[in-house]
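Worksheet: the structure to be examined is printed underneath.
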2 protein chains.
Amino acid sequence: MIVLSVREPAELLRQHGLSITAQRIAVLRAVANRPHSTADVLTEDVRAEIGVVSRQSVYSALGILADKGVIRRIQPAGSPALYEDRAGDNHHHLICRTCGKTVDVDCAVGQRPCLTASDDAGFQIDEAEVIYWGTCPKCLEARTDG
Amino acid sequence: MIVLSVREPAELLRQHGLSITAQRIAVLRAVANRPHSTADVLTEDVRAEIGVVSRQSVYSALGILADKGVIRRIQPAGSPALYEDRAGDNHHHLICRTCGKTVDVDCAVGQRPCLTASDDAGFQIDEAEVIYWGTCPKCLEARTDG
DNA sequence: GTAAAATACCTGACTGTGTCCAAATTTTAA
DNA sequence: TTAAAATTTGGACACAGTCAGGTATTTTAC
């Protein structure tokens, strides 16, 4: 099992005013090792690292980390929530309709982009969530083979 | 109860090769009368119109209508699926984080836009789903009042 | 218009994500 | 070290949506 050093997970937690617990550190590591994973998958990874953890602890850690902006949660249609450690840069996602493969895409417009709708209807917009749906190279190939 | 004539719902069904049933017609009318509604809300509306309908029939009708492109389904994070009759023009949405109010936004770029990611990673993109998150005028006002 | 075939509908049980609660444990501050 | 605060735990629960079958309706062919 590969464990990347996530710029000192404990340090990250402290910076955000969160208590440092083995569970949270393991969750941070799991998200960093396998971005775009579901809570269930991450729970397995966490268990592989620290042995035992409750489902609720993982949900709670993911929830509070997402709230604090340490990680990001995305909820694509027809899929449970996915978590990734790349947060705060408002990047977007490309999802394969066939296999669910998810990859990051930088925003086409610039650094903090996409926050302008053609007509904002008086809303104060704070985030533009963009998901590109399509078919990944592998599934395209499989289709032409069939 | 206001019932708009939805360009002859029966005609719409026929055009898409679907059997014409009272349930489907009522579902189409409900979606047209109250866009951005959940399946539950639409089920109530359908019952108000034709008396009795099963949950599954509404789900099934919504599913097949969305598949055929007659209506559109959106699944915002933290909300059950919403349905709208404006389909096929790839418009986007503006959602209030506080009250959930959802409004349509035309795409800033043009007619069939947004299908270009900065790096498509070899994917064949068929849809760009854009959700602008923010606070609606009413909730902004309520906040400054408090 | 009628009968056969195809399609859709209904009842009821079930699954998968995610949340709520009170008790026990761990972390933090003094 | 000790007490207060925060976190974790286990179990039950809620919600949206799906599956399977038998029955009723619609469509098609005559």
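Every value quoted in this text rests on a predicted model; they were computed, and no experiment measured them. Chain letters run A, B, ... following the sequence lines, proteins first and then strands; every chain starts at 1.
As rounded to whole Å, 14 Å separates atom P of C:dC9 from atom CZ of B:R47. Atom CD1 in A:I25 sits about 12 Å away from atom C1' in C:dT27, given to the nearest Å. Across the protein-nucleic acid pair, A:L13 atom CG and C:dT26 atom P stand 18 Å apart, rounded to whole Å. Put simply, NZ on B:K68 is 9 Å from P on C:dA8, counting in whole angstrom units.
In this structure, B:R72 contributes its side chain and B:H91 its backbone to a donor-acceptor pair below 3.5 Å. Judged by distance alone, the side chain of A:T102 and the main-chain N or O of A:G100 form a donor-acceptor pair under 3.5 Å.
For the pair B:D45/B:E49, no side-chain contact is recorded, criterion being any heavy-atom separation below 4.5 Å from C-beta on. Looking at heavy atoms from C-beta onward, A:K101 lies out of side-chain contact with A:I95 at the 4.5 angstrom threshold.
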What are the atom names and distances for every N/O pair under 3.5 Å that joins the protein to nucleotides 23-28 of chain D?
from, atom 1, to, atom 2, distance (Å)
D:dT27, OP1, B:I20, N, 3.0

Notebook entry, point to check: If the sugar-phosphate is the primed atoms plus P, OP1 and OP2 and the base is the rest, what is the B/S/- string for nucleotides 13-22 of chain D, using protein heavy atoms under 4.0 Å?
Noted result: ---SBBB---
Next item on the list: Just do the side chain to side chain donor-acceptor pair (under 3.5 Å) check on B:D104 and B:H93 with the steps written out, would you?
Entry: CA-CA 5 Å; B:D104 291 338; B:H93 296 96; 3.2 Å; yes
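Within 6.0 Å of the CD atom in B:Q124, the count of heavy atoms belonging to other residues, nucleotides or ligands does not exceed 12.
Partners of A:A81 under the side chain to side chain contact (heavy atoms under 4.5 Å, CB included) rule, at least two apart in sequence or in another chain, are A:R73, A:Q75, A:Y83.
Partner B:S37 forms a side chain to side chain contact (heavy atoms under 4.5 Å, CB included) with one of B:L42, B:V31, B:T43 and no other, that one being B:L42.
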